Trainee: 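The structure under discussion is supplied below as structure tokens; questions concerning it will follow.
Count residues from 1 along the sequence. None of these values were measured; they are calculated from a predicted model.
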Amino acid sequence: MVAYLRNTDAQETAALLYRECGAKISRQSVNKYFLNLGYHLFLNFYVPDAFLVFEADALERAGWPRAALRERGLHYAYHLELVEEMSAALNMRREDLEATHARIMSVPATLKRHIEEDIPSVQDVIETTPDGAMLRRLRDNHFMVSAIRLMRKRAYGYGGEHFLAYFGKAYFMDVFAFASEGAKTDSEMLLTRWTPFTLRIWLGLLLELHPLTLREPMEYVRTIEARFNGESGTRSS
């Protein structure tokens, strides 16, 4: 997990595991674990967080605690099943749920177009929420842009079809990372020694609460497309 959060590439991570732990694991297997971690964070961290942000007003009217909603104090309870609980509490109609799903998926889709197709971001609104908790303009979230660009540059074999795995990781890091070791920019923060270790604590706790089952990465792609009606943002068109 430390190698993952340091954006160490899969080949180097495999060598490190053998050198430090005597574990023989291929680059391809390391890459599979890395993609699994990203998809796990996308589904079990980003999706419930985005749902909570988008539906905070309705959830508050339904009796959910204001502090947990407005201060996003439910991070430890996050899991994909929380989305079912929230939608059931709101008695959402199918069309309303699908509209919220579309909003959730539009954020990574817009970010993907900006990063991979170099679409100008100055006036590109992603989402607007009353408390400003979600991304509003791409120019307002340099960290996620910097994080994903760094993954493309030095991580574990960036593939556009798995963008949601990279997005899930970047979103998780955006929530829990903080400046350390005199870092003054997002890029510097991503390259410090301390940031990966602090993120490792949060990621380890989340995986204890909601363990990951290793799957083929493309299974996640199909699952997300089926659940969100193909609005996965994984396609380049």
Trainee: Is R227 salt-bridged to E84, going by a charged N under 4.0 Å from an acidic O?
Mentor: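 Yes.
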Trainee: Does any N or O in the side chain of R152 come within less than 3.5 Å of the main-chain N or O of I115, such that one atom is a donor and the other an acceptor?
Mentor: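 Pair found, side chain donor or acceptor close to backbone of I115.
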Trainee: Give the intermediate values and the outcome of side chain to side chain contact (heavy atoms under 4.5 Å, CB included) for residues L164 and M105.
Mentor: CA-CA 9 Å; L164 297 184; M105 303 312 291; 3.8 Å; yes
Trainee: Taking the side chain as everything from C-beta on, heavy atoms only, tell me whether F51 gets closer than 4.5 Å to L97.
Mentor: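 Yes. Closest side-chain heavy atoms under 4.5 Å.
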Trainee: Is there side-chain contact between E55 and T100, with heavy atoms separated by less than 4.5 Å?
Mentor: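 Heavy-atom side-chain distance check passes, below 4.5 Å.
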Trainee: One pair to check against side chain to side chain contact (heavy atoms under 4.5 Å, CB included): V145 and L111. What are the steps and the verdict?
Mentor: CA-CA 8 Å; V145 172; L111 200 63; 3.9 Å; yes
Trainee: In terms of heavy-atom contacts, does CZ of R27 have more than 12 from other residues, nucleotides or ligands at under 6.0 Å?
Mentor: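 Incorrect, the count does not exceed 12.
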Trainee: I'd like to know if the side chain of S29 reaches the main chain of I25, judged simply by a donor and an acceptor atom lying under 3.5 Å from each other, with no hydrogens or angles considered.
Mentor: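 Such a contact is absent between S29 side chain and I25 backbone.
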Trainee: Answer yes or no: is there a donor N or O on one side and an acceptor on the other, between the side chain of D96 and the main chain of M92, under 3.5 Å?
Mentor: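 No, the answer is negative, given that no donor and acceptor are paired below the 3.5 Å cut-off.
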Trainee: For R215 and T223, which I'm curious about, is there any donor-acceptor pair between the side chains at under 3.5 Å?
Mentor: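 Yes, because at least one side-chain N or O of R215 sits under 3.5 Å from a partner of the opposite role on T223.
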Trainee: Determine whether the aromatic ring centres of H162 and Y39 lie less than 6.0 Å apart.
Mentor: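 Yes, the ring of H162 comes within the 6.0 Å limit of the ring of Y39, centre to centre.
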Trainee: Give a yes-or-no answer on whether the side chains of D49 and Y78 include a donor-acceptor pair shorter than 3.5 Å.
Mentor: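 D49 vs Y78: donor-acceptor pair found between side chains.
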Trainee: Please lay out, stage by stage, how L37 and K169 fare under the test side chain to side chain contact (heavy atoms under 4.5 Å, CB included).
Mentor: CA-CA 8 Å; L37 283 167; K169 175 185 176 182; over 6 Å; no
Trainee: For the ring pair (Phe, Tyr, Trp, His ring centres under 6.0 Å) test, which of F172, F34, Y166 pairs with Y4?
Mentor: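 Among F172, F34, Y166, the one meeting ring pair (Phe, Tyr, Trp, His ring centres under 6.0 Å) with Y4 is F34.
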Trainee: Report yes or no: does N31 contribute a side-chain atom to a donor-acceptor pair with the main-chain N or O of A10 at less than 3.5 Å?
Mentor: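 Not confirmed, N31 side chain does not pair with A10 backbone.
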Trainee: For Y220 and H40, which I'm curious about, is there any donor-acceptor pair between the side chains at under 3.5 Å?
Mentor: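 No - no donor-acceptor pair under 3.5 Å links their side chains.
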